[in-house]
Amino acid sequence: MTFWIDTHCHLDAGEFSADVGAVRLRAADSGVVHCVLPAVGLANFAAVRSLAHEFSYSYALGIHPLYVPQAQDGDLQALDAALALGRADPRLVAVGEIGLDYFEPALSQSPMRERQEFFYREQLKLARKHGLPVILHVRRSADKLLKHLRDQQPEGGWRGIAHAFNGSSQQAMEFTKLGFKLGFGGAVTYEPALQLRRLAAELPLDALVMETDAPDIPPQWLYTTAAQRAQGQAQGRNEPGELPRIAQQVADLRGMPLEALAAATTANALQALPKLRNLVP
């Protein structure tokens, strides 16, 4: 069987509350042997930690840029304390999900633009302090993310993942030069996503990791249009078990065997998040 690591999914989301155990079993049946569960804010630190231990997965702690408007400065101190407490926890593998989002209008304008940047910069400092990789949220913000990564670069360099990467090929190479892998998921399955599909096909193989971002970013076969939803057709729910089918499209774009993509992206995930080496069977 071909084995996969889903490097980014949110199994603590409400969409999974009724059947998260069944979701995990379907993932295992499809060959997904491990999932990384990033937090989005202080309120779900305990949930991702608990699920990671219950399911033998891993987790990351951080404050997502979309949650910055609700966050208090004291949340950064609470994150610092949680990271210190988690030093001995082999399942705490990164600081994340952190970053910048300049797609949402309210977040791209002052004062929230500067507030996001403050939280991002401070969380990079915490990652450096605790010797952890970072999992980045990148939405119309790649250049600013890169600037702060360079400014805050630890002595041994960065490790981590630029999740749901959707920038240019030049930006992609700049992230990889800094030690990051680039996450590809459901968005690559849409034929109109020409630039993203080109990146999936042409980037060096050692730059790629696979992810679902479940329940978000559903692949094309789960997506329903507004008109279809108006007629009562439900939106399909993304989950880790979809990862091999998503990966098949990446393999097809690259003209390579699926098994070779699985082996490469698993090795890349272990490089990006080194503590996974002791967790992945």
Side-chain angles (χ1 to χ4, degrees), residues 5-13 20 24 33-65 67-68 70-100 116-137 145 148-163 175 178-181 183 209 211 266-281:
I5 297 175
D6 185 346
T7 59
H8 198 111
C9 63
H10 299 281
L11 292 186
D12 62 304
V20 68
R24 182 210 183 187
V33 297
H34 193 88
C35 296
V36 181
L37 314 179
V40 295
L42 209 59
N44 79 323
F45 283 8
V48 296
R49 184 188 299 115
S50 175
L51 278 171
H53 280 271
E54 180 182 355
F55 290 169
S56 298
Y57 287 164
S58 59
Y59 68 101
L61 298 179
I63 300 165
H64 191 295
Y67 288 76
V68 165
Q70 304 100 284
Q72 307 295 318
D73 286 3
D75 291 0
L76 292 166
Q77 285 74 54
L79 172 60
D80 188 13
L83 295 172
L85 201 62
R87 274 184 181 269
D89 187 349
R91 299 194 180 278
L92 174 59
V93 297
V95 173
E97 176 179 356
I98 70 173
L100 298 169
Q116 275 195 87
E117 201 168 333
F118 167 73
F119 268 80
Y120 172 54
R121 186 173 61 249
E122 293 303 308
Q123 290 182 95
L124 287 181
K125 291 177 183 177
L126 290 178
R128 193 174 61 186
K129 173 182 176 181
H130 294 282
L132 286 168
V134 292
I135 296 174
L136 296 174
H137 177 93
L145 289 170
H148 287 292
L149 288 169
R150 294 185 187 107
D151 290 346
Q152 301 292 338
Q153 190 162 3
E155 189 172 322
W158 287 110
R159 290 181 187 264
I161 296 169
H163 148 64
F175 277 108
L178 286 173
F180 284 83
K181 307 300 182 183
V209 294
E211 62 180 33
T266 296
N268 294 344
L270 301 183
Q271 287 180 6
L273 307 173
K275 288 174 76 174
L276 290 183
R277 292 171 185 155
N278 295 322
L279 301 175
V280 176

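Just so it is clear, the values below take in all heavy atoms, side chains as well, and ignore hydrogens, waters and symmetry mates. These numbers were taken from a predicted model, which means no experiment stands behind them.
- In this structure, the separation between CG on L126 and CZ on R121 is 12.0 Å, given to the nearest 0.5 Å.
- Each of H8, H64, H10 was checked for a ring pair (Phe, Tyr, Trp, His ring centres under 6.0 Å) with H163, and the lone residue meeting it is H8.
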Original post:
Should V33 and T266 be marked as a side-chain contact (heavy atoms from CB on, under 4.5 Å) after you check the CA-CA gap, both sets of side-chain angles, and the distance that decides it?
Top reply: CA-CA 10 Å; V33 297; T266 296; over 6 Å; no
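- Atoms CZ and CZ, on F55 and R91 in that order, are 12.0 Å from each other to the nearest 0.5 Å.
- Looking only at side-chain heavy atoms (C-beta outward), L100 and P65 stay at 4.5 Å or farther from each other.
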Side-chain donor-acceptor pairs under 3.5 Å in residues 74-86, sequence neighbours left out?
residue: D75; atom: OD2; partner: Q72; partner atom: N; Å: 3.3
residue: D80; atom: OD1; partner: K129; partner atom: NZ; Å: 3.1
residue: D80; atom: OD1; partner: H130; partner atom: NE2; Å: 2.7
residue: D80; atom: OD2; partner: K129; partner atom: NZ; Å: 2.9

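- Nearest heavy-atom pair across A127 and V134 is CB-CG1, 3.4 Å.
- Judged purely by atom type and a 3.5 angstrom limit, N44 uses its side chain to pair as donor or acceptor with the backbone of G41.
- Y120 and H148 have perpendicular rings, their planes meeting at more than 60° on a 0 to 90° scale where under 30° would count as parallel.
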Subject >> side-chain contact (heavy atoms from CB on, under 4.5 Å) between I5 and V209, intermediate numbers included >> reply: CA-CA 8 Å; I5 297 175; V209 294; over 6 Å; no
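- Atoms OH and NE2, from Y59 and H53 in turn, are 5.0 Å apart once rounded to the nearest 0.5 Å.
- Shortest non-hydrogen contact noted between T7 and A269 is CG2-CB, 3.8 Å.
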Original post:
Given the rule in the side-chain contact (heavy atoms from CB on, under 4.5 Å) test, do R49 and L61 qualify, once you have shown the distances and angles that lead to the verdict?
Top reply: CA-CA 9 Å; R49 184 188 299 115; L61 298 179; 4.1 Å; yes
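- With hydrogens and angles disregarded, no donor-acceptor distance shorter than 3.5 Å links the side chain of Q116 to the backbone of V68.
- In this structure a side-chain-to-backbone donor-acceptor pair under 3.5 Å is present from R159 to Q271.
- Taking each heavy atom of A272 and I161 in turn, the nearest pair found is CB-CG1, 3.8 Å.
- Distance check: Q123 CD to I98 CD1 gives 5.0 Å after rounding to the nearest 0.5 Å.
- Between F180 and F175, the angle of the ring planes goes over 60°, which puts this pair in the perpendicular group of the 30/60° scheme.
- A perpendicular orientation is assigned to the rings of Y57 and H34, their planes being inclined by more than 60° (bins at 30° and 60°).
- Side-chain contact between F45 and V40 is absent, with no heavy atoms from C-beta onward closer than 4.5 Å.
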**OP:** Decide side-chain contact (heavy atoms from CB on, under 4.5 Å) for D6 and V36; before the verdict, give the C-alpha distance in whole Å, the side-chain angles of both, and the deciding distance to 0.1 Å.
**Re:** CA-CA 6 Å; D6 185 346; V36 181; over 6 Å; no
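- In this structure, A60 and V48 approach most closely via the heavy-atom pair O-CG2, 4.0 Å.
- Taking CG of L279 as the start and CG of L270 as the end, the distance is 9.5 Å to the nearest 0.5 Å.
- Formation of a donor-acceptor pair under 3.5 Å by the K275 side chain with backbone atoms of L92 is found in this model.
- Rounding to the nearest 0.5 angstrom, the gap separating the CZ atom in R24 from the CG atom in L11 is 10.5 Å.
- Residue V93 is tested with I135, L37, L132, L276 for a side chain to side chain contact (heavy atoms under 4.5 Å, CB included); the sole match is L276.
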